[in-house]
> 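Let me give you the structure first, and then I'll get to my questions.
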Amino acid sequence: MPSHATFRFDNSFARELPGLYVPWRPAAVSAPRLLYLNRSLAAELGLDVASLDGPAGAATFSGNVLPEGAEPLAQAYAGHQFGGFSPQLGDGRALLLGEVIDRQGRRRDIAFKGSGRTPFARGGDGKAAVGPMLREVLLGEAMHALGIPTTRALAVVATGEPVYREQALPGAVLTRVAASHLRVGTFEFFASRGDLESLRKLAEYTIARHDPAPLATAAQPFLALLQSVSERQSALVAQWMNVGFIHGVMNTDNMAISGETIDYGPCAFVEAYDPAAVFSSIDHRGRYAFGNQPAIAGWNLTRLAETLLPLLADDPEQALTMATEVVAAFPARYRAHLLRGQRAKLGLRRGEPDDDAADAALAEDWLTLLHAERVDFTLGWRRLAAAAAGDEAPLRALFAGTGAPDAWLARWRARCASEDDGAGQASTTAGIARARAMRSVNPVVIPRNHRVEEALAAASDAGDLAPFEKLLDAVTQPFDEAGERASYAEPAPAAVTASYRTFCGT
Ligand code: AMP
Ligand code: MG
């Protein structure tokens, strides 16, 4: 069958980085069926959407028919997993098909996940199951709708073949779109081998791809690269923290240089606010707990910095000083991004540097209150918007009608009033405007764990995609609670959250 897909590939990774991959072909699948096609993303990529619906899309997105111009390859990378270094990981079940320049001129990777074993598969079967691939669609599209940089799902195809995990599951292939698949672990691959020449080529490629204008002409381009990654990753993790996202497996091979969220495995959103929240079944010691994420991002950046040392300066002492300065600045960068997000969530328009400490304390004390009273993180923030417009009842209901939030609310109101023409009390108009602004940054619908599981079970066990589609519709309009979507805002029963576990390598 000829492929009707019209990807206009321009494969710079394959062209410029030999030694970093193995050319490899996807495994054929017996009965491909298109379960999901992201039509708006396909249009963004300049694809002919109509020709990708149905059997032609199933043939393309299963890997059975390679689109013209694709040069499939498995990328090599290394990585620190739960703190321990593995010098060779790589795409065990993924393939980069190539890159496409999208309608806005951005270069984007098109990649498969679950397309069969590669030379990096080690003991793995190279496969993926329908449930986890649809999970990546739900979580990734929700993150995108929340305005958080992320890789995105373009399509999911059921293969018609079983995948053996604890039980037999229906198999699937996911097509993923990413700004690139360059990871901290990609740099670690060459650095750990002492292959300086390849490392330099990789760093130059990365600069050309992600920061061409500002970095190419920088006096210290490799130092500027480290700063730029620090900026993107600190901004990203601050956004995660402000929506309650737990990545679950922040190994260095899962930290993208582009600053996109990547690798939706055991991730989940926090329900009742708890910095110690962990859902991943393999994260026994809570290394990747919700509240640890900023520190882990800093740790991962340090691993990147180490790989770049030989490129920074001939004198090792000098290189170390330069890298250390960037790494040491990470926590402050992160806190600045976090505070910017928190101010918006609190409905504060103005943030003078003089107010930083007090505003950060206001946000921190709010979180402490949510934690102490076991309040749902998402609803706590969201209902603060109604309180800004004068309706405190929904918020107070989250505190079981107690006076627990009284003192904090008084402080917050005073801070809000300080922005409103110096009036002692925030005026009604100011309150309504503030509530509107707050509702545009505090989501009401997130992918609740029980809803995600319910939708995936229906799709995987019974082939019923309707709950998945309804949930996807709700989580991709996260600030809107109109009509039926409101039911998706309900927290999971506490017992469900307490026993909820997510899984890796699925
Ligand atoms: P992840 O936890 O998805 O980031 O994967 C970590 C490493 O394990 C990567 O090198 C993956 O390619 C590899 N891997 C995960 N699952 C499989 C599988 N079923 N078959 C082959 N390799 C896998
Ligand atoms: Mg990974």
Side-chain angles (χ1 to χ4, degrees), residues 20-22 24-27 29 63 72-97 109 111-137 139-140 150-151 153 159 161-176 178-189 192 233 246-258 260-268 278-284 287-288 296-297 300 303 501-506:
L20 244 195
Y21 63 86
V22 179
W24 203 254
R25 297 183 74 84
V29 313
L73 58 86
Q75 294 186 332
Y77 51 85
H80 277 87
Q81 300 184 304
F82 290 91
F85 185 61
S86 295
Q88 183 163 313
L89 293 168
D91 289 333
R93 57 164 172 174
L95 291 174
L96 173 65
L97 289 187
D109 276 6
F112 285 155
K113 182 167 176 178
S115 49
R117 299 190 80 237
T118 77
F120 303 111
R122 295 168 292 158
D125 62 0
K127 303 276 165 84
V130 164
M133 296 307 100
L134 292 180
R135 195 166 199 282
E136 176 150 344
V137 175
L139 275 289
T150 178
T151 67
T159 59
E161 295 167 1
V163 171
Y164 299 96
R165 296 292 180 258
E166 266 143 32
Q167 75 233 51
L169 298 169
V173 177
L174 169 89
T175 305
R176 175 198 274 171
S180 84
H181 283 80
L182 301 169
R183 311 147 190 267
V184 170
T186 317
F187 286 80
E188 292 180 292
F189 181 83
S192 70
Q233 292 186 343
I246 310 173
H247 182 285
V249 60
M250 288 176 70
N251 294 333
T252 55
D253 52 307
N254 291 335
M255 288 302 283
I257 297 296
S258 66
E260 286 183 340
T261 310
I262 193 168
D263 247 334
Y264 291 90
C267 58
V278 173
F279 292 115
S280 169
S281 61
I282 61 167
D283 192 0
H284 306 295
R287 177 179 172 90
Y288 300 136
I296 290 291
N300 289 344
R303 304 287 82 76
R501 292 291 170 272
T502 56
F503 300 90
C504 257
T506 41

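Predicted model, so just to flag it, every value in this text is computed and none were measured. Position 1 is the first residue of the sequence, and the numbers go up from there. Counting starts at 1 for both ligands and their atoms, following the listed order.
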> Hey, is V249 one of the residues with a heavy atom under 4.0 angstrom from ligand 1?
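No heavy atom of V249 comes that close to ligand 1.
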
> Using distance alone, with no hydrogens and no angle criterion, decide if N251 and Y288 have a side-chain donor and acceptor under 3.5 Å apart.
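Yes, because at least one side-chain N or O of N251 sits under 3.5 Å from a partner of the opposite role on Y288.
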
> Under 4.0 Å from a heavy atom of G126: which atoms of ligand 1 are those, numbered in the order shown and with their elements?
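So the answer, numbered in order with elements, is 18 (C), 19 (N), 20 (N), 21 (C).
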
> Among R303, H80, R183, which one satisfies side chain to side chain donor-acceptor pair (under 3.5 Å) with E188?
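Checked R303, H80, R183 against E188; only one passes side chain to side chain donor-acceptor pair (under 3.5 Å): H80.
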
> Can you see whether Y77 engages T252 through a side-chain donor-acceptor pair at a distance of less than 3.5 angstrom?
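Looking only at side-chain atoms, T252 and Y77 do not form any donor-acceptor pair under 3.5 Å.
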
> Which atom name would you report as the N, O or S atom of D263 nearest the Mg ion (ligand 2)?
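When I compare the N, O and S atoms of D263, OD2 is nearest to the Mg ion (ligand 2).
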
> Taking backbone and side chain together, does N254 place any N/O/S atom at a distance below 2.8 Å from the Mg ion (ligand 2)?
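Given the 2.8 Å cut-off, N254 counts as a ligand of the Mg ion (ligand 2).
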
> Which ligand 1 atoms does N254 reach within 4.0 Å, using its non-hydrogen atoms?
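This gives 4 (O) as the contact atoms.
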
> Of the listed options (D263, L89, I282), which comes nearest to atom 1 (P) of ligand 1 when hydrogens are ignored and any heavy atom counts?
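Shortest heavy-atom distance from atom 1 (P) of ligand 1: D263.
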
> Using a 4.0 Å cut-off to any heavy atom of R122, which atoms of ligand 1 qualify?
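Reading through ligand 1 atom by atom, the close ones are 7 (C), 8 (O), 10 (O), 13 (C).
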
> May I ask you to check whether D125 has an N/O atom sitting below 3.5 Å from an N/O atom of ligand 1?
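Min N/O separation from ligand 1 is below 3.5 Å for D125.
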
> Do I282 and F503 touch side chain to side chain, with heavy atoms closer than 4.5 Å?
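Not in contact.
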
> For ligand 1, which atoms sit closer than 4.0 Å to a heavy atom of G90?
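Near G90, meaning under 4.0 Å from one of its heavy atoms, ligand 1 has 9 (C), 10 (O), 11 (C), 12 (O).
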
> Verify the distance test for D253 against the Mg ion (ligand 2): any N/O/S atom under 2.8 Å, yes or no.
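No.
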
> Can you check whether V22 reaches F120 side chain to side chain, under 4.5 Å on heavy atoms?
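Side chain of V22 against side chain of F120, heavy atoms only: contact under 4.5 Å found.
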
> Kindly compute the distance separating NZ (K113) from OG1 (T151), expressed to the nearest 0.5 Å.
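The OG1 atom of T151 is 8.0 Å from NZ of K113, to the nearest 0.5 Å.
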
> Does only the side chain of F120 get under 4.0 Å from ligand 1, or the backbone, or both, or neither? Count heavy atoms.
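For F120, no heavy atom sits under 4.0 Å from ligand 1.
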
> Can you list the steps and then say if D263 with R176 is a salt bridge (charged side-chain N to carboxylate O under 4.0 Å, His left out)?
CA-CA 10 Å; D263 247 334; R176 175 198 274 171; 3.2 Å; yes

> Taking only heavy atoms of R165 into account, list the atoms of ligand 1 that are under 4.0 Å away from them.
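By the 4.0 Å cutoff, the relevant atoms are 19 (N).
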
> Do P26 and P72 make a side-chain contact, defined as non-hydrogen atoms from C-beta onward lying under 4.5 Å apart?
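Sidechains of P72 and P26: in contact.
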
